[in-house]
Structures are given as C-alpha cells and as structure tokens.
Novice: 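Can you read through this structure? Questions will come right after.
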Amino acid sequence: MKTEEGRGATPSPITHEEADANHVATGARRDVTTQPVDTTDPVHGRTSSEPVDDRTLPRRDHLWLRRARSPRRPRLWFEILLIAVSYWTYSLIRNAVPERRAKALENANWIWDTEQHLGIAVERSINHAVNSVTWLIVGMNYYYATLHFIVTIGVLVWLFRRHPGRYAAGRLVLFATTAVALLGYYLYPLAPPRLMAGNSFIDTVVHHETWGSMASGNLKNMSNQYAAMPSMHIGWSLWCGLTIFALARAPWTKILGLLYPTLTLVVIVATANHFWLDAVGGMICLSFGFAVSYLWFGSLPARLPRLPRDVDEHPADTDGGPGRRPRTPGPLARTARTPRGAAQPTAQGASTAQGGAAVRDTSAGGRAEPASSRGAHTAS
C-alpha cells in the first residue's frame, strides 16, 4: 500500500486480540465453537470439550426403581390404607387355606413326639401349671388376643413419627415376614396342642369362658384352626422387641423391648395355642423378612438415617446405589455475572472473554486494550 508521500509501506500484522475486538465493535460474531474452552467437570472428571457418552448416564426408566429404594417420608393416609388392605388380604388368604384336619393332627402328633424325644416337650406342664392360677391364665388369654395387634400397631406408629427414615424398611420386614408365613400355613397345616385328642391339653379360653383367641370359643369360625406353624405371635412380637431395642434410647425401654417377645412365648405355650417349634418357625420367617429388607434398601432398618434425606433425582448426578447422595449445589455450569455498578454492554462498548482475558473497545480508531477492573465485564 502507498502513503500520502507515495512511498510504499508494509502493512502491520493484526493480532488475534485486535481482530476479536474489531469483530465485537462492529457487531460481527465469531464462531466460538471453533475454540472450545477446555474446562474440567468437577463431578464426572471429564472436560467439556469431550463428547458425553450416554451409556455412562443412568437410564431414566431405572430412576423410579432407585427412588423406590431410597427411604422417604411416609404419608399417613397411604400407610393406613396399606396396612388395612394388607391385613385384610392376610386374613383372607389364611382362612382360605384348606382346613386339612387329618393332616394337621398328624403333623401335631409328629411334633409332639419329636419334642418328647428331644426332651423339650414341656408345653403340657406349663399349660396345667398356669391354668391353676385363674387370674394369671385369664390375663394371658386377653394378652394373646389383644397385645398381638396393639403393640405391633403402636411400634409402627412410633416408627412413623420418630423414625420416618427407617419406617419403610421396618414395615417391609413385617410385611415380608407375614407373607412367607402364609406359605407355611398352606404347605404345613398344623393343629395347636389344645385341639389334640388324648394329650390332656386345656383350651384355656373355653375352660374359663373368656373372650380370647379367635381360634377357639365363639370366634373359632372366623379363623383357620389349623394354621399354627409358624407362629406370627412370635414373629410380630420379636420384630417389635428388636425394633425397640435397636432404636430406643432409655435402657428400661430396651429391656421392655426384649421382655415382650419372651413373655409372648410363655403365653402362646401356656394357653396351648402353639408348640415351641412353632416359635422357631416364626423366628425363621422374621429372618427372611430382614433379609428381604436388607436386599431392597441395602441396609438394616436401624442403620438407615432417622430422617429421610432430600435426594438429587437428576440422572447425571445419580450414583447408581440404593441410597443416593443428598442434593448439593455443585459447580456444574459456568454462568456470567455482571458486577454491581458495572455498565451493561452496548454495541459500541461491548465486552467479552476469550481465553480468560477481557478486552474493551475504546471506540477510538477501533483499537482494543485490556479492560481495567472498573466497568469490566468478567466471566465467572
């Protein structure tokens, strides 16, 4: 090119920074995608310029399963409806099991003979000894008929109010225990000792004419007479006792929690409603219930947090386990902020960030100079 004096001059090279400033000043747009900023994602350990592999992200159709396996705060109306429907279904199935009287009596005789052979057949001695104390055996009749429901519901309410994060896991233990017991009623019909002929067992409810077990007296037609194995009086009472012992704080409460299933064992034997081995069957069913709850929630109920946690349900932030991490605000996105008191960018005075350095147009000859701290537009 030639100057006014006619002499030739070599054009000065234009730096990339000046070209960028000229583009901003004239309103032109650069294709910023050609120069991606290599920022590292602090969560997933990859850079933003790398393509995202969808296979590394959890599928959305699995999120409902992870939500179901995460303890959450229970809803009162749903729990009342669930317990009512579940117990109605349990009673319906239990009573629908065919009353195979001959097979049930045969199994009862076999258990009695086995206990005698092992030297643990003390049910008849306890039954006669307690029956001789009228006030004691009458109290046990009412104990057998009422506390089985009252204490179990009371522990459920206590979990609901004081330990909502552990409620779902504890309820699942109880439900799984009861469900597997139905299988035992069907596969192994068993008559209680009080219905065995020729063994001198006393039906304490009939003998003392008290309102007691639904399996005898005027209420015998409302319940399956030959569903003694396993004993859900032991399964439920042991669930209550272990739950109280594990979660209660006061020592005397823990002691009462352990005494409750122990006393229940004495009651079911003294009233001639169960054998010792029926209690063993109830313990096995309870062990199954704890195993189911552990497999579903990944922990025993007592080891779960007392209060449910808010869980981040975004698929990219899910760790894939049954207990997802709490929601915490992370620096996943880089957003621009305008400092207080700074002027908004205009067509003549726009600001941008390229590679971490901000430039400002001076509107004087199109030259660009580094932006100062006052009035600069920074990128966070």
Side-chain angles (χ1 to χ4, degrees), residues 108 111-155 174 177-178 181 184 190-196 199-217 219-220 223 225-246 248 251-287:
I111 286 184
W112 181 242
D113 293 340
T114 301
E115 289 186 351
Q116 286 182 323
H117 179 73
L118 296 175
I120 58 174
V122 296
E123 289 91 337
R124 183 168 56 191
S125 300
I126 296 177
N127 176 239
H128 284 262
V130 177
N131 185 72
S132 62
V133 184
T134 304
W135 66 268
L136 181 58
I137 193 61
V138 169
M140 286 188 175
N141 286 340
Y142 289 122
Y143 179 107
Y144 184 87
T146 58
L147 291 188
H148 178 54
F149 305 101
I150 294 176
V151 176
T152 304
I153 295 176
V155 173
L174 189 64
T177 301
T178 307
L190 180 67
R194 57 184 175 78
L195 293 182
M196 295 176 62
N199 287 283
S200 304
F201 283 100
I202 302 172
D203 190 336
T204 58
V205 172
V206 175
H207 183 77
H208 294 279
E209 299 181 351
T210 57
W211 182 85
S213 172
M214 294 180 63
S216 62
L219 301 176
K220 62 182 180 180
S223 179
Q225 295 287 293
Y226 305 106
M229 174 67 81
S231 171
M232 280 298 94
H233 274 76
I234 292 299
W236 289 13
S237 64
L238 188 58
W239 173 83
C240 294
L242 292 177
T243 302
I244 294 173
F245 178 79
W252 64 270
T253 309
K254 293 179 176 289
I255 295 175
L256 287 180
L258 295 180
L259 286 178
Y260 174 58
T262 305
L263 184 57
T264 302
L265 180 60
V266 176
V267 168
I268 66 173
V269 172
T271 56
N273 281 293
H274 289 282
F275 295 100
W276 290 109
L277 294 182
D278 299 345
V280 175
M283 296 176 186
I284 294 175
C285 292
L286 182 63
S287 300

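Values in this document were obtained by computation on a predicted structure and should not be read as measured data.
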Novice: Indicate whether the side chain of Y143 and that of T271 have a donor and an acceptor atom separated by less than 3.5 Å.
Specialist: no

Novice: Where does the angle between the aromatic ring planes of H274 and Y144 fall among parallel (under 30°), tilted (30 to 60°) and perpendicular (over 60°)?
Specialist: tilted

Novice: When you measure from the side chain of N127 to the backbone of I202, do you find a donor-acceptor pair of N or O atoms at a distance under 3.5 Å?
Specialist: yes

Novice: Taking the side chain from T152 and the backbone from F149, do they hold a donor-acceptor pair closer than 3.5 Å?
Specialist: no

Novice: Any donor-acceptor pair under 3.5 Å linking the side-chain atoms of T210 with those of N141?
Specialist: yes

Novice: Is there a side-chain contact between E115 and V122 in this structure, where contact means two heavy atoms from C-beta onward sitting under 4.5 Å apart?
Specialist: no

Novice: Given side chains that start at C-beta, do those of I244 and L256 come closer than 4.5 Å, heavy atoms only?
Specialist: no

Novice: Would you find a donor on one side and an acceptor on the other, under 3.5 Å apart, between the side chain of K254 and the backbone of A248?
Specialist: yes

Novice: Check whether any side-chain heavy atom of Q225 sits under 4.5 Å from a side-chain heavy atom of R194, and report yes or no.
Specialist: yes

Novice: So do C285 and M232 actually touch side chain to side chain, heavy atoms under 4.5 Å?
Specialist: yes

Novice: So do Y260 and L238 actually touch side chain to side chain, heavy atoms under 4.5 Å?
Specialist: no

Novice: Any non-hydrogen side-chain atom of L286 less than 4.5 Å from a side-chain atom of I234?
Specialist: no

Novice: Can you confirm whether H233 sits close enough to L265 that some side-chain heavy atom of one is under 4.5 Å from a side-chain heavy atom of the other?
Specialist: no

Novice: Tell me if the centroids of the rings in F201 and W112 come within less than 6.0 Å of each other.
Specialist: yes

Novice: Are any side-chain N or O atoms of E123 and backbone N or O atoms of W276, one a donor and one an acceptor, separated by less than 3.5 Å?
Specialist: yes

Novice: Are T114 and L118 close enough, and set up right, to give a side chain to side chain contact (heavy atoms under 4.5 Å, CB included), and what steps lead you there?
Specialist: CA-CA 6 Å; T114 301; L118 296 175; 4.1 Å; yes

Novice: State, yes or no, whether a side-chain contact exists between H128 and S200 at a heavy-atom distance under 4.5 Å.
Specialist: yes

Novice: Do W236 and T177 meet the criterion of a side-chain donor-acceptor pair at a distance under 3.5 Å?
Specialist: no

